Structure formats: structure tokens, C-alpha cells
Amino acid sequence: MAIILGIESSCDDTSAAIIRDGILLSNVTASQAVHEQYGGVVPELASRAHQQNIIPVVDAAIKKAGITNEHIDAVAFTRGPGLLGSLLVGTSFAKGFALAQHIPLIDVNHLQAHVMAHFVRTNDDMRPLPEFPFLCLLVSGGNSQIVMVKDYNKMEIVGQTIDDAAGEAFDKCAKVMGLPYPGGPVINKLGNLGNADRFQFHKPNIADYDYSFSGLKTSFLYFLRDEMKENPNFIEENKNDLCASLQKTVVDILMQKLHKAVKDHHVKRIAVAGGVSANSALRDAFVAYGQKYHCDVFIPPFAYTTDNAAMVAMVGYYKFLANDFCEPNLPPYARVTI
Ligand code: KG4
């Protein structure tokens, strides 16, 4: 039997989870509303909030799981990528906890954890889990990648963004329209009320399986600037159609490259992960793709799309089984690949 404590603090969510033998017992997350007024995450405020939240969050996760500190066999923590000041809080806490309990430490790659969200399940969750190999579209605020998942601990990047991430494009375009942060969910909500074919925006022409979203962002900005010269109320009068068209463009870009990767790698299973996988247009596109090309499609429950410690504990569980532990002096990394 193995009980793993997972800790996530890479950006603006402080989260702790307990997994016993691969089954989730608890997952407690404290989000940080403090950033809303700034239109984006302020790193210094994020790390201070993590410091305030980490002990109550871990305490709540352990209590909710119905265990005590002594039952925990290992601590898995997000080592990177993320905001360094935020990562330092989770990393330092995990090291202190492991030292005090005389248990091993497991470092976790945040991107691998997003993919492993597909394997997080509670006792009463009977949804089918992906078999290996499968291609996972990993789309969050900081990353957009296509990952070939060969095993729990064996993943390779097939393609990735050469500039902005898909979530970043949503957030920045939302900011230009004066929408609140994070913009992705707001664009999703308004976009579902609008006409997605009303406006056409820039689609990149990038080689292989890589993505680019900076051109779309710039074309969106210039388009609004020109329209606002003619009609200062243009954004207000067309908000739903703007959101719908932008959302469709991002989803088209994501699905086009995924399709190329599926064809070239001859896979029959696709999955989506990361914060942007909460987007309903993207989820619909995945379902439609599965029907059209006879692929098995895996979409994670909403609770595990954005940052959470359950996915971190899941990576930790499989690394624990493989005796893959880390030294207590391992520093966090702001940038790493899978
Ligand atoms: O994975 P995540 O929680 O954090 C990172 O590790 O980046 O992803 C956050 C990103 C943000 O850019 C947010 O706008 C986006 O996910 N997001 C969405 C939706 N929900 C969250 N984007 C589009 N539609 C959504 N429903």
C-alpha cells in the first residue's frame, strides 16, 4: 500500500492531495483572487499567498482523506515549470515535511502532471482511462504541446508552441476587449452566445506539429484598433461574435496540428489536458473528431483541468512504484520540458 501527498504551487493555486494506491482520497485547492484586479498573476503576490495557504491546505487534505501525517509514504511536489517564487513555497514545504516524517521526496514535472490528470479517479469514478500509447493535447496558460504518451512515466513532446500558449492568447485578447482575468473562461461563456463565423483572424503557417499564437494575438489587436477608429463602441456591440470567432480560430489551430500528428503517428487515441481543456468548443471539437476519425477520445473531469495537486500526487504514485525519488537539495525550475 502506498499513500502519497501531492503538493502543487506552480502558479496561483495552492493545492494538496492524497492518493492511496492510485485512488484519490482528497484534493484541496486555495485559489488567489488577489490577482483579478491586476489583470494577470503578480508573481510576488502569488508566492506570499502560497505561504499563507500552504499549511491550511495540506492540513485540510490530510484530514479530508481520513489519515494522519504518519500514514504518508512519500511527498510529491511540483518542481517546475512555473513561477520560481511560487514553486519555492511548495518545494520548501515538501522538503520540510519529508524531512520531519523521514519519508522520500518525489519531484514532479508540472506538464507531465497535467497529462496524468487523465488517470486521477476516486473510488466511485468508473470512466474508462486511456490505454498507451495516446496523443495528448496539453493546453494551458503557459504551454501548448502535443505529447506522445507511451507510459505513465514515458512521454515525448511531438510539437509545441514557438511563442505564446493558447491560454495566454485567450487571456491577452480578453484583456484587449476589457474582459476580466482569466479571460479564457469569459471568452468561452460569451463566445457560446455569438456567431463563430462572423470574423476571420490570422492562422499561423508553422512547420511540423508546432504552434504559434502571437500572430493571432497581434492580428486581433490591430483588427480591433482599426474597427474602433470607425466605431468606438465596436467591441461592446460585437463582444459575443468577437469571442466566438476568436474561440473558433484557436480551436481550429489546435485541432489542425493535432490531426496532422494523429495521421503521421498512426494513433487511435487522443486526449486533452490543461486549463484550456475546460473550453467547451475545444471539448466539442474533440468529440466530433473522435466520431469523424473513429478515435477514442479522453477528456478529463473539469476539476482536474486547471492546476491541482491530485495530478501531481498521481505522477508521484507511479514514480513511487518505480522507486524514482529525488535528493532533498533539488532546486525548483522555472522552465523545463516534459
Ligand atoms: O492549466 P492552468 O490552470 O494553468 C497553467 O498551468 O497555465 O491554465 C490556465 C489557463 C488560463 O489561460 C485560462 O484562461 C485558461 O486556462 N482557461 C480557459 C478556460 N478555462 C481556463 N480557456 C478557455 N476556455 C475555458 N473555459
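Whatever order the structure lists them in is the order used to number ligands and atoms, beginning at 1. The shown structure was predicted, so the numbers you read here are calculated from the model rather than taken from an experiment.
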Check your understanding: What protein heavy atom sits nearest atom 1 (O) of ligand 1, and how far off is it?
Key -> Gly275 N, 2.9 Å
**Study point:** Any N or O of Thr306 closer than 3.5 Å to N or O of ligand 1
**Key:** no
Exercise for review: Mind running ring-ring contact (aromatic ring centres under 6.0 Å, His included) on Phe119 and Tyr317 for me, showing each step along the way?
Suggested key: CA-CA 11 Å; Phe119 297 95; Tyr317 173 65; over 10 Å; no
Exercise for review: List the closest protein heavy-atom neighbour of atom 22 (N) of ligand 1: residue, atom name, distance to the nearest 0.1 Å.
Suggested key: Gly184 CA, 3.4 Å
Review point. Would you call Lys260 and Asp264 a salt bridge, taking side-chain N to carboxylate O under 4.0 Å as the test?
Key: yes
Practice item. Supply the atom-to-atom distance Thr161 OG1 to Gln145 CD, rounded to the nearest 0.5 angstrom. Key: 9.5 Å
Practice item. Begin from the C-alpha positions of Tyr289 and His259 and carry the test ring-ring contact (aromatic ring centres under 6.0 Å, His included) through to its verdict. Key: CA-CA 9 Å; Tyr289 188 92; His259 179 52; 5.4 Å; yes
Practice item. Kindly confirm or rule out an N or O of Gly274 lying under 3.5 angstrom from an N or O of ligand 1. Key: no
Exercise for review: Report, in ascending order of atom number, the atoms of ligand 1 lying under 4.0 Å from any heavy atom of Ser140.
Suggested key: 1 (O), 5 (C), 6 (O), 7 (O), 8 (O)
Exercise for review: Ignoring angles and geometry beyond distance, decide whether Gly183 reaches within less than 3.5 Å of ligand 1 through its nitrogen or oxygen atoms.
Suggested key: no
Study note, to complete from the structure: Ranked by distance from atom 15 (C) of ligand 1, the top protein heavy atom is Val276 CG2, 3.9 Å
Study note, to complete from the structure: closest protein heavy atom to atom 26 (N) of ligand 1 is Asn188 OD1, 2.9 Å
Check your understanding: Does Arg225 make a cation-pi contact with Tyr222, if we ask for NZ or CZ under 6.0 Å from the ring centre and within 45° of the axis?
Key -> yes
Practice item. Only one of Lys150, Met148, Arg269 passes side chain to side chain contact (heavy atoms under 4.5 Å, CB included) with Phe134; say which it is. Key: Arg269
Review point. Between Lys268 and Asp296, is the closest basic N to carboxylate O distance under 4.0 Å?
Key: no
Check your understanding: Can you find a heavy atom in the side chain of Val287 that is under 4.5 Å from one in the side chain of Gln291?
Key -> yes
Review point. Does Lys217 come within less than 4.0 Å of Asp163, counting only side-chain N to carboxylate O?
Key: no
Revision key, fill the gap. The atoms of ligand 1 lying under 4.0 Å from a heavy atom of His110, numbered in the order shown, are 6 (O)
Exercise for review: Quick one: look up the protein heavy atom nearest atom 14 (O) of ligand 1 and list residue, atom name and how far away it is.
Suggested key: Asp171 OD1, 2.6 Å
Review point. Which one holds for Asn279 and ligand 1: side chain close, backbone close, both close, or neither close, with close meaning a heavy atom under 4.0 Å?
Key: both
Review point. Got an N/O contact under 3.5 Å between His114 and ligand 1?
Key: yes
Review point. Is any N or O atom of Asp307, backbone or side chain, closer than 3.5 Å to an N or O atom of ligand 1?
Key: yes
Review point. Does Lys257 come within less than 4.0 Å of Asp210, counting only side-chain N to carboxylate O?
Key: no
Check your understanding: Taking Lys319 for the side chain and Asp107 for the main chain, is one N or O donor matched with an acceptor at less than 3.5 Å?
Key -> yes
Review point. So is Gly142 close enough to ligand 1, meaning a heavy atom under 4.0 angstrom away?
Key: yes
**Study point:** Short N or O distance, Gly167 and ligand 1, threshold 3.5 Å exclusive
**Key:** yes
Review point. Which residue and non-hydrogen atom of the protein lie closest to atom 9 (C) of ligand 1, and at what distance in Å?
Key: Gly141 N, 3.7 Å
Review point. Is the shortest N/O to N/O distance between Phe170 and ligand 1 below 3.5 Å?
Key: no
